[in-house]
Engineer: 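The structure's right below; bear with me while I get my questions together.
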Amino acid sequence: MADVTILTGRVLVTRDSPFDVTPDAAMVVEEAVAIAEGRIMAVGAQHDLLAAHPAAQVEAYGDKLILPGFVDAHVHYPQTAIIASWGKRLIDWLNSYTFPEEMRFGDPAYAAEIAARYFDLTAAQGTTTMCSFCTIHPESVEAFFAEAQRRRQRVVAGKTCMDRNAPDGLRDSVQSAYDDSKTLLERWHGVGRGSYAITPRFSPTSTREQLTALGALWAEHPEALMQTHLSEQTDEIAWVRELFPEARDYLDTYEAAGLLGPGGLYGHAIHLDPRERARLREVEASLVHCPTSNTFIGSGLFDMAGLMAEGHRIGLATDTGGGSSFSMLRTMAAAYEIGQLRHTPLHPAQLLWLATAGSARALRLEEQIGCIAPGMEADLVVLDLASTPAIAQRAAHAENIWEAVFPTIMMGDDRAVADVWIGGRPWSGRA
Ligand code: GUN
Ligand code: ZN
């Protein structure tokens with residue numbers, strides 16, 4: 001029989017979406033989770049699990065909270081080294097900081113170095129899956145998937161395609177974007193725990209012809225995801241209107257090219273028209289909320305409550321390095337603050353759901369990750385809910401699990417991350 005490990009603590013079990021049912025109906029706390037061969041075998045009372053598996057190795061986490069590993073639904077790993085760059089809005093930020101850094105990823109050694117650094121930094125924050133943009137260079141994609149495989153992490157990524165409005169050395173072409181994306185998709189999709197996302201950066205940096213070629217590739221490979229950016233800043237939207245005068249709206253630039261569908265991931269999606277909202281909902285596309293990025297770059301306030309009420313599929317993301325943190329705790333805190341500014345505060349259960357099951361669902365990985373349930377992959381984060389004196393003194397008089405976890409959501413950082421399990425194994429990279 002396979003080796004069984006039992007983790008005891010406060011195990012957060014997700015039964016439903018806290019956007020559909022009450023927090024206490026959506027999530028309950030169990031005492032233990034049993035894992036074997038990289039998957040969750042059982043969840044329940046400590047006594048029952050220990051009795052069923054007397055030879056199991058036991059990891060006792062006391063009153064720490066055991067959650068599904070965090071799922072970051074939109075990142076740019078090549079922007080790791082330029083996170084927290086000062087003073088620009090989107091287009092200037094791309095030209096001043098992002099594009100010069102992305103230029104470096106044609107060098108496989110540099111791409112490998114940053115991929116390893118990125119995975120170390122995010123694992124320390126309890127993130128076990130992410131969906132990343134790479135750069136135009138196939139080397140950047142190879143480096144990311146290879147490093148993920150070494151760490152046995154479930155990831156989604158793709159080659160970022162741009163054939164205009166980017167500097168020399170950072171443009172591909174219609175043909176090379178299609179050919180390279182196809183080769184990389186066929187090489188990495190479904191290999192280990194990886195999935196490929198066809199990745200036009202956004203409409204301003206792709207010609208109509210490039211978008212159409214990538215739409216054709218998606219039609220040939222509907223099993224792949226497609227990720228891009230949509231309606232992040234008002235200046236960007238005005239630019240899209242100039243570049244695509246025939247389009248009904250920003251979304252139409254993708255729709256006309258075959259880049260709208262289920263499995264489509266649209267980052268930011270802040271300033272949407274009613275037609276765009278309706279179409280995104282109709283095709284069951286995914287929207288990705290990037291709250292620290294949206295405040296850091298000054299983009300706007302995502303309408304979480306309104307979009308959820310319409311039934312959209314929504315994930316949560318750092319958008320590293322436009323986002324100002326690698327931490328999904330910090331990202332949940334920013335989502336809460338944006339909710340407050342819109343007079344629609346998110347409940348702690350909703351924040352935790354977005355960072356786990358919600359993002360997994362946005363990535364179409366809800367059968368694999370994002371919940372602690374039998375058969376799911378054993379990616380877990382163990383949180384210390386008293387990781388600093390300030391958090392501990394607030395959590396000390398919590399009356400329920402939600403009051404106990406909320407101070408860590410709002411004030412926690414990597415000190416709250418007591419342990420991380422990836423594919424059923426403890427992550428060994430901690431200092
Ligand atoms: N829009 C197009 N590219 C990017 C990017 O790298 N970051 C963000 N935040 N928005 C974008
Ligand atoms: Zn982005």
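Both counts, for ligands and for their atoms, begin at 1 and track the order of listing.
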Engineer: Can you sort out which atoms of ligand 1 are near His76, meaning under 4.0 Å from one of its heavy atoms?
Structural biologist: 5 (C), 6 (O), 7 (N)

Engineer: Check whether any N, O or S atom of His74, backbone or side chain, sits closer than 2.8 Å to the Zn ion (ligand 2).
Structural biologist: yes

Engineer: With a 4.5 Å limit on heavy-atom distance, are the side chains of Phe406 and Leu351 in contact?
Structural biologist: yes

Engineer: How close does the nearest protein non-hydrogen atom get to atom 10 (N) of ligand 1, and which residue and atom is it?
Structural biologist: Glu232 OE1, 2.7 Å

Engineer: So does Arg275 pair up with Glu255, basic N to acidic O under 4.0 Å?
Structural biologist: yes

Engineer: Quick check on contacts: which atoms of ligand 1 are under 4.0 angstrom from a heavy atom of Phe202?
Structural biologist: 1 (N), 2 (C)

Engineer: Within the 4.0 Å heavy-atom shell around His268, which atoms of ligand 1 are there?
Structural biologist: 9 (N)

Engineer: Among Phe105, Phe326, Phe133, which one satisfies ring pair (Phe, Tyr, Trp, His ring centres under 6.0 Å) with Tyr77?
Structural biologist: Phe105

Engineer: Would His76 count as a contact for the Zn ion (ligand 2), in the sense that one of its N, O or S atoms lies under 2.8 Å from it?
Structural biologist: yes

Engineer: Can you check whether Val155 reaches Arg193 side chain to side chain, under 4.5 Å on heavy atoms?
Structural biologist: no

Engineer: Within a distance under 4.0 Å of any heavy atom of Arg201, pick out the atoms of ligand 1 and give their elements.
Structural biologist: 2 (C), 3 (N), 4 (C), 5 (C), 6 (O)

Engineer: Thinking salt bridges, do Lys182 and Glu220 make one under a 4.0 Å N-O criterion?
Structural biologist: yes

Engineer: So that I can tick it off, tell me whether Glu276 and Arg279 are bridged by a salt bridge, with the cut-off set at under 4.0 angstrom between side-chain N and carboxylate O.
Structural biologist: no

Engineer: Using 4.0 Å as the upper bound for N to carboxylate O, is an ion pair formed by Glu377 and Arg152?
Structural biologist: no

Engineer: Considering only heavy atoms, does Trp93 approach ligand 1 within less than 4.0 Å through its side chain, its backbone, both, or neither?
Structural biologist: side chain

Engineer: Does a side-chain N-to-carboxylate-O contact under 4.0 Å join Asp252 and Arg248?
Structural biologist: yes

Engineer: When you compare ligand 1 with Glu102, is there at least one nitrogen or oxygen pair between them that comes in under 3.5 angstrom?
Structural biologist: no

Engineer: What atoms in ligand 1 come closer than 4.0 Å to a heavy atom of Asp319?
Structural biologist: 8 (C), 9 (N)

Engineer: Below 2.8 Å, any N, O or S contact between Glu232 and the Zn ion (ligand 2)?
Structural biologist: no

